[in-house]
Amino acid sequence: MAKNHVFVGLYGSGKTELAINYAIKLKKDFEKVALIDVDIVSPYFRVRDFQHALEASGIVIVMPPQKIKNADLPVITQAVAGYLDNPQFKVVLDVGGDERGIVVLGYLKEHLFDTNVYLVVNTKRPFSQTVEQIVYVAKMLEERSGVRIDFLVNNTNLGSQTTCEIIYEGEKILQQASIILEKPIAFTVAADSIRYDGENELFRIERFVKTKEGLP
Amino acid sequence: MKKVMMKGVEAIGEAAIKAGCRNYFGYPITPQSELTEYMARRLPEVGGSFLQAESEVAAVNMLYGASSVGKRVMTSTSSPGFSLMQEGISYIACAQLPAVFVNVVRGGPGLGDIQPSQGDYFQATKGGGHGDYRLIVLSPSTVQEATELTLLAFDLADKYRNPVLIFADGLLGQMMEPVAFEEKEITYDNSHWALTGSKNRPPRQVTSFNIDPYGLEKMNIELQKKYRQVEANETRYEEFLIEDADILIVAHGTVGRIAKSVVRMAREEGLKIGLFRPITLYPYPYDALSKAAQEKSLVLTVEMSSGQMLEDVKLAVCGKTKIEFYGRMAGVVPTPEEIFTHLKTLIRGQ
């Protein structure tokens with residue numbers, strides 16, 4: 001088990017949802033877990049928006065200072081590097097979307113030893129629907145950050161309308177991208193009770209980021 | 001139809017492309033920058049032109065120019081940016097040019113914050129710029145509806161040669177939902193008025209200027225005639241469980257959707273509540289709301305503002321039914337629970 005787990009990808013690929021769930025999973029096996037929000041691009045639906053619920057579960061949340069947490073500013077706190085270096089902590093890093101979000105990783109590069117970097121892909125999202133697009137995204141993100149992506153993650157979904165067929169469809173596309181990129185698929189994500197008996201390891205998540213306003 | 005998972009602003013961008021829009025000019029501002037970015041990425045793929053303007057003032061004037069040659073044009077912004085565009089919008093309206101605007105409204109006034117709001121309702125519906133002009137204003141409540149209203153916006157803009165505004169709030173802009181796009185061939189023809197070069201025909205003029213007051217008044221009268229047509233033909237709204245309702249909630253956009261949850265919660269407790277959701281904010285569905293409010297004991301208007309649409313609700317209801325208001329401001333989104341609690345307090349007071 002690597003010490004640091006970094007989730008990267010395009011906007012809206014599901015990085016935040018996955019990072020939250022991954023931190024919760026780590027917390028079951030390890031005492032000290034930190035979830036770091038270095039999303040400098042998303043205005044809403046960030047780890048920091050779920051701060052209190054997560055802190056109650058004993059996970060350390062690292063985010064911009066309270067008084068500027070809603071500012072439209074690219075803030076990375078000093079503490080981030082500390083947690084990445086601290087051998088006592090398992091760390092999950094939620095990186096902002098696209099090439100603009102991932103520049104943060106270049107800055108943190110020297111702190112990313114013993115780290116797995118996962119590219120989160122939802123093939124139902126724009127710009128990641130074909131093998132060519134996914135390969136392009138992976139190479140572009142590696143180039144912009146100077147950090148190597150180790151694994152792909154199949155997070156194909158249509159929110160509450162997801163079916164197992166949709167997940168398999170994504171898996172097939174990702175398998176081809178995996179061969180071209182020479183990066184294995186770490187796991188497939190399925191929310192709540194959606195059936196999955198595909199070939200990959202399954203990572204079951206609970207939806208946090210689903211719209212909290214109770215919209216029908 | 002094939003479904004994809006899109007943010008509201010991305011879906012509006014894709015719908016604009018499906019509508020035949022190949023010219024986008026804009027300046028990034030949260031919470032709608034992903035729309036600008038989406039167009040920057042997608043328009044070159046379909047042979048269109050994306051241009052990041054040096055400001056919102058520049059962007060609106062680029063729209064003015066591109067529209068005058070008959071092209072489908074769009075820009076998007078958020079509240080402070082939309083304020084900057086007002087002068088140009090007034091020019092475009094007076095020159096009778098089609099153009100589609102998207103305002104993903106955030107908390108204000110002033111620099112405000114970047115959270116969702118509906119506080120730009122007055123600016124959108126009563127004329128944010130100068131002079132006697134009107135914008136057609138559409139208020140979607142889901143990502144799917146946002147795509148459909150974007151297609152409609154381009155059609156209405158061409159039909160009436162008038163600017164059309166998609167009035168979305170930050171939540172609708174940022175939330176992701178599955179959407180499907182209708183695959184149909186879009187054709188439009190503005191060649192009968194567009195500036196296309198006057199070879200073999202008399203020159204045309206597109207202008208918002210007439211130094212003679214009688215001439216300018218004539219232009220104004222023509223605009224007003226057009227607005228009466230828009231008012232007669234283009235009101236749109238949704239009614240949800242209003243038939244047997246004792247109490248009517250009136251809400252638009254995202255709040256309309258939250259209010260739908262309130263109606264469901266109330267019905268589960270045996271309370272007969274219905275929802276009237278205006279889809280066009282101009283033309284406002286006065287007649288339909290007037291009819292829907294008849295014989296109700298109470299009309300509750302809910303907004304993410306201090307009560308701006310409330311004034312139109314009052315005009316529609318015209319004193320015949322008691323009206324109450326519940327609103328949150330500055331980027332605070334009301335929950336279904338808090339609205340329902342407020343409603344129950346009102347019912348107890350009756």
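All chains are named by letter (A, B, ...) in the order of the sequence lines, taking the proteins before the strands, and each is independently numbered beginning at 1.
Counting non-hydrogen atoms of other residues, nucleotides and ligands closer than 6.0 Å to NZ of B/Lys272 gives a total of 12 or fewer. Shown here is A/Glu199, whose CD atom has no more than 12 heavy atoms of other residues, nucleotides or ligands within 6.0 Å. Few gaps surround NZ on B/Lys344; more than 12 heavy atoms of other groups in view lie less than 6.0 Å from it. In A/Glu143, the CD atom is not crowded: 12 or fewer heavy atoms of neighbouring residues, nucleotides or ligands sit closer than 6.0 Å. In the displayed structure, B/Leu111 atom CG is contacted under 6.0 Å by at most 12 heavy atoms of other residues, nucleotides or ligands.
Only the side chain of B/Glu10 has a heavy atom closer than 4.5 Å to any heavy atom of chain A. With a 4.5 angstrom heavy-atom cutoff, A/Asp98 touches chain B only via side-chain atoms. Only the side chain of B/Glu45 has a heavy atom closer than 4.5 Å to any heavy atom of chain A.
Annotation: side chain of A/Tyr44 is not in contact with side chain of B/Met175 (no heavy-atom distance under 4.5 Å). Within the 4.5 Å cutoff, side-chain heavy atoms of B/Glu37 are placed close to those of A/Tyr11.
For the atom pair B/Met5 CE and A/Thr162 OG1, the distance stands at 6.5 Å (nearest 0.5 Å).
Considering every non-hydrogen atom in both A/Gly12 and B/Met176, the closest pair reads O-CE, 3.3 Å. For the residue pair B/Pro178 and A/Leu158, the shortest heavy atom distance occurs at CG-O, 3.2 Å.
Proximity to chain B at a heavy-atom threshold of 4.5 Å picks out A/Asn122, A/Lys124, A/Arg125, A/Pro126, A/Phe127, A/Gln129 from residues 117-130 of chain A, in numerical order.
Of the charged side-chain nitrogens involved, none lies within less than 4.0 Å of a carboxylate oxygen, so that B/Lys2 and A/Glu169 do not count as a salt-bridged pair.
Of the listed residues (B/Glu14, B/Lys7, B/Met6, B/Arg41), the one with the most heavy-atom contacts under 4.5 Å to chain A is B/Arg41.
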